[in-house]
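Note on naming: letters A, B, ... go to the chains in the order of the sequence lines (proteins, then strands), and numbering restarts at 1 for each one.
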Protein chains: 2
Amino acid sequence: MMQQDPLELEKMIRDANLRPTKQRIALAELLFADGNRHITAERLHGEAMEAGVTVSLATIYNNLHQFTSAGLLREVVVDSSRSYFDTNVSAHHHFFHEETGMLEDIPDSALNVDSIPSLPEGTEISSVDVIVRVSNIRS
Amino acid sequence: MMQQDPLELEKMIRDANLRPTKQRIALAELLFADGNRHITAERLHGEAMEAGVTVSLATIYNNLHQFTSAGLLREVVVDSSRSYFDTNVSAHHHFFHEETGMLEDIPDSALNVDSIPSLPEGTEISSVDVIVRVSNIRS
DNA sequence: TTTCTTCTTTAGAAACATTCTAATCTATTG
DNA sequence: CAATAGATTAGAATGTTTCTAAAGAAGAAA
């Protein structure tokens, strides 16, 4: 995404039918200014604090979900205790570092999933998520 | 797995260096007697109650984790608010029904993941998890 | 069997992430 | 500017999971 310009961000927010409030713009900057990010609510809250923006946790959650509904973010489920949000919404997969809890993109082109078996009756694919869990080699 | 015989179950528990207590045996029966299952702690607790076995939730969690460490169960991460435990510990993947929260196995042979890109420096694969999220076709 | 040790279970408290509530505040529109 | 619809917030509430400390059960040794 890589949206540096505040005006672009504001347009993006408006296009999502959301009002460009101080908090929302600040969060959008933190999320989208520096390119692809994988972030938890708690960490985004911390970054907002550091940046001198007072935002409540409730607002962090509200906005993460609103951005996700608008297709600006994608939720990645890798950890049963925390939610990660990914600013890269195009097709791709993930490495998950078990020790650090860090996520890393795997380009869609770098991995191939095929011969998906027949789907359960009456269902359609919503997404295919591949998570390659990696850990440090212990010597 | 499909372990019907109580004696087999007891052996399985002993082989995992665990004591065959009343609660542990009852949980093992619920988990392993009827073949492949995908279950949450809460649901296992409910089933134990129904079966007339009094087990605390703490014990449910203790045992699910101990069985997992022993390789008798595998934790499947598909939902950021709940943990699922799978009695099928051999290589395979999952369909996840978004509406019902139900999990369904995809045999390893029915799905192929290839050309996994070079791993991050100093790491090794711990597992490759494919989750095909499906939802009911809305007409 | 009796005793000793180690492992288990448990109730309840605590921790943690997330959602809800209802009041206040802000952006937008007329 | 006034009215309204949307946004933010503190704090309470929820839901899952873990922790604590005490009491109970299993295994080993004599």
Expected list for residues 39-46 of chain A: side-chain donor-acceptor pairs under 3.5 angstrom, two or more places apart:
{"unit_1": "A:Thr40", "atom_1": "OG1", "unit_2": "A:Arg43", "atom_2": "N", "d": "3.2"}
{"unit_1": "A:His45", "atom_1": "NE2", "unit_2": "A:Val55", "atom_2": "O", "d": "2.9"}

Side chains of residues 57-65 of chain B: which donor-acceptor partners sit under 3.5 Å, not counting sequence neighbours?
{"unit_1": "B:Thr59", "atom_1": "OG1", "unit_2": "B:Ser56", "atom_2": "OG", "d": "3.1"}
{"unit_1": "B:Asn62", "atom_1": "ND2", "unit_2": "B:Ala58", "atom_2": "O", "d": "3.4"}
{"unit_1": "B:Asn63", "atom_1": "OD1", "unit_2": "B:Arg24", "atom_2": "NH1", "d": "3.2"}
{"unit_1": "B:Asn63", "atom_1": "ND2", "unit_2": "B:Thr59", "atom_2": "O", "d": "2.9"}
{"unit_1": "B:His65", "atom_1": "ND1", "unit_2": "B:Tyr61", "atom_2": "O", "d": "3.2"}

Phosphate OP1/OP2 of D:dT18: any B:His65 side-chain N/O under 4.0 Å
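Yes, such a contact exists.
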Does B:Ser83 make a side-chain N or O approach to OP1 or OP2 of D:dT17 shorter than 4.0 Å?
yes
If you link ILVMFWY side chains whenever their heavy atoms are less than 4.5 Å apart, which other residues fall into the same cluster as B:Val77? By chain and number, please.
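Members besides B:Val77, by chain and number: A:Val77.
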Going by side-chain heavy atoms closer than 4.5 Å, which hydrophobic residues are tied to B:Val78, directly or by a chain of links?
B:Val76, B:Tyr84, B:Phe96, B:Leu103, B:Ile131
Nucleotide range of DNA chain C lying under 4.0 Å from chain B heavy atoms:
C:dT6 to C:dA11
Per-nt protein contacts along nucleotides 3-15 of chain D (heavy atom under 4.0 Å; B base, S backbone sugar-phosphate only, - none) come out as --BSSBBB-----
Return the 5'-most residue of the pair B:Ala41, B:Pro20 with respect to DNA chain D, ranking by each residue's nearest nucleotide.
B:Ala41
Would you indicate whether the side-chain heavy atoms of [Y] and [X] approach each other to under 4.5 Å?
X	Y	value
A:Glu104	A:His94	no
B:Phe95	A:Ile125	no
A:Leu111	A:Val113	yes

Donor-acceptor side-chain pairing of A:Asp105 and A:His38 below 3.5 angstrom:
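Looking only at side-chain atoms, A:His38 and A:Asp105 do form a donor-acceptor pair, the distance falling under 3.5 Å.
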